[in-house]
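Report on the following structure.
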Amino acid sequence: QAGCKLMDGFAIFIQLCLAAAAFSTLILKRQRETPQRPVRIWAFDVSKQLVGGIVIHSLNVIAAYLFGTSLEGDTSNPCVWYFLNILVDTTLGVVILWFLFLGFDSLTVYFKLSGFRSGVYGSPPLQQQMKRWGKQLGLYIASLVIMKAVVVILFRICPWIEDFGRWVLRWTLGNYKLQVVFVMLIFPLVMNIIQFWIVDTIVKHKSEKKAISLSRDEDEEESSPF
């Protein structure tokens, strides 16, 4: 069971296939959305998910290897733990992210911090828009890290979840490549497509009239220390 490798050449190729397939669905989503976001606004929104996806994927791989080693030094299957991370991230994790986004949004409004409203990047020049994008990306990454910390705590207090993961993947045991393809491509592809669509709906600005520009007051607030 410990023969599964998440970072060898085959696994990395599978991960690249997953990334390409999952993010291509966001292109399809943009084509179907009404009203359609301008290309620059869409690129800002999607790039936040791209960076966030790299961060959460890295955390999942690290967590899979860490949980794959017991306190006694025994090793378990890292593919089982990667599967469990994906399962929880794309279900309970999305709910946690939703509440974190609401909480951070309320805090930025309460403290009157400008540039943090998700999906609103203001008017050109690009440098000003990138500044707001960076602020929103910081909040998004912070939300992902907090969410992952909650998931890790959940795994710690529910050790039986590993047995569930092994039970689900029992049909792939003994076939390393089949297990990697299922754990790192097929299952994450289905779950991540759903997650990306939901998160993209969260991070994009809801107002049809403010797809590009902030209100005049918010533009003026950008000159403040925040």
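No experiment lies behind these values; they were computed from the predicted model shown.
- A distance of 9.5 Å separates CZ in Phe83 from OG1 in Thr172, rounded to the nearest 0.5 Å.
- In the hydrophobic cluster analysis, where Ile, Leu, Val, Met, Phe, Trp and Tyr join through side-chain heavy atoms closer than 4.5 angstrom, Leu97 is grouped together with Leu154.
- In the hydrophobic clustering of this structure, Ile161 groups with Trp167; members are Ile, Leu, Val, Met, Phe, Trp, Tyr whose side-chain heavy atoms approach within less than 4.5 Å, directly or through other members.
- Minimum interatomic distance between Gly122 and Gln129 (heavy atoms only, all atoms of both residues): O-NE2, 2.9 Å.
- Phe13 and Ile54 fall into different hydrophobic clusters, where Ile, Leu, Val, Met, Phe, Trp and Tyr are joined by side-chain heavy atoms under 4.5 Å apart, directly or via other members.
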- Should Leu126 and Arg40 be marked as a side chain to side chain contact (heavy atoms under 4.5 Å, CB included) after you check the CA-CA gap, both sets of side-chain angles, and the distance that decides it? CA-CA 10 Å; Leu126 179 60; Arg40 179 180 292 186; 4.1 Å; yes

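- A side chain to side chain contact (heavy atoms under 4.5 Å, CB included) with Met147 is found for one member of Val94, Ile96, Val95 and no other, namely Ile96.
- Between the side chain of Gln136 and the backbone N or O of Arg117 there is at least one donor-acceptor pair closer than 3.5 Å.
- Note on Met7 and Tyr176: same hydrophobic cluster, where clusters join Ile, Leu, Val, Met, Phe, Trp and Tyr whose side-chain heavy atoms are under 4.5 Å apart, directly or indirectly.
- A donor-acceptor contact shorter than 3.5 Å links the side chain of Asn85 to the backbone of Trp81.
- In this structure, the side chains of Lys135 and Leu113 stay at 4.5 Å or more apart for every pair of heavy atoms.
- Going from atom NE2 of His57 over to atom CG of Leu144 covers 14.0 Å, rounded to the nearest 0.5 Å.
- Counting all heavy atoms, side chain and backbone alike, Leu6 lies closest to Tyr65 at N-OH, 3.0 Å.
- Ring orientation note: the planes of Trp133 and Phe44 are tilted relative to one another, at an angle of 30° to 60°.
- Ala21 and Ser24 get closest at one heavy-atom pair: O-OG, 2.6 Å.
- The two residues Pro78 and Ala64 make their nearest non-hydrogen contact at O-CB, 3.5 Å.
- Side chain of Glu162 to main chain of Leu84: no donor-acceptor pair is present (N/O by atom type, distance under 3.5 Å, no hydrogens or angles).
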- Item | Pair Leu92-Val151, side chain to side chain contact (heavy atoms under 4.5 Å, CB included): steps then yes or no | CA-CA 9 Å; Leu92 177 62; Val151 172; 5.7 Å; no

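- Within the 4.5 Å cutoff, no side-chain heavy atoms of Val152 are placed close to those of Leu66.
- Applying the 6.0 Å contact sphere to CD of Gln127 captures no more than 12 heavy atoms from other residues, nucleotides or ligands.
- Looking at heavy atoms from C-beta onward, Val51 lies out of side-chain contact with Tyr140 at the 4.5 angstrom threshold.
- Note: Trp160 CH2 to Phe155 CZ = 10.0 Å, rounded to the nearest 0.5 Å.
- Taking 4.5 Å as the limit, some side-chain heavy atom of Ile141 sits within range of a side-chain heavy atom of Val145.
- Taken together through direct or relayed side-chain contacts under 4.5 Å among Ile, Leu, Val, Met, Phe, Trp and Tyr, Phe111 and Leu100 form part of one hydrophobic cluster.
- A heavy-atom distance below 4.5 Å is not found between the side chains of Val109 and Phe116.
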Can you give me every donor-acceptor pair (side chain of residues 182-189, partner residue at least two apart or in another chain, under 3.5 Å) with its distance?
none

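- Counting only heavy atoms from C-beta outward, the side chains of Val180 and Tyr82 never approach each other to under 4.5 Å.
- The closest side-chain heavy-atom distance from Lys148 to Val55 is not below 4.5 Å.
- Side chain of Gln15 to backbone of Ala11: a donor-acceptor contact under 3.5 angstrom is found.
- In this structure the side chain of Leu87 reaches within 4.5 angstrom of the side chain of Phe164, judged on heavy atoms.
- The main-chain N or O of Asp163 is never found under 3.5 Å from a side-chain atom of Arg166 such that the two would form a donor-acceptor pair.
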- Task: Would you sort out whether Phe10 and Val181 count as a side chain to side chain contact (heavy atoms under 4.5 Å, CB included), showing the intermediate values?
- Result: CA-CA 9 Å; Phe10 179 73; Val181 169; 3.7 Å; yes

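- In this structure, Trp42 contributes its side chain and Arg37 its backbone to no donor-acceptor pair below 3.5 Å.
- We find the CD1-CD distance between Ile56 and Gln49 to be 12.0 Å, quoted to the nearest 0.5 Å.
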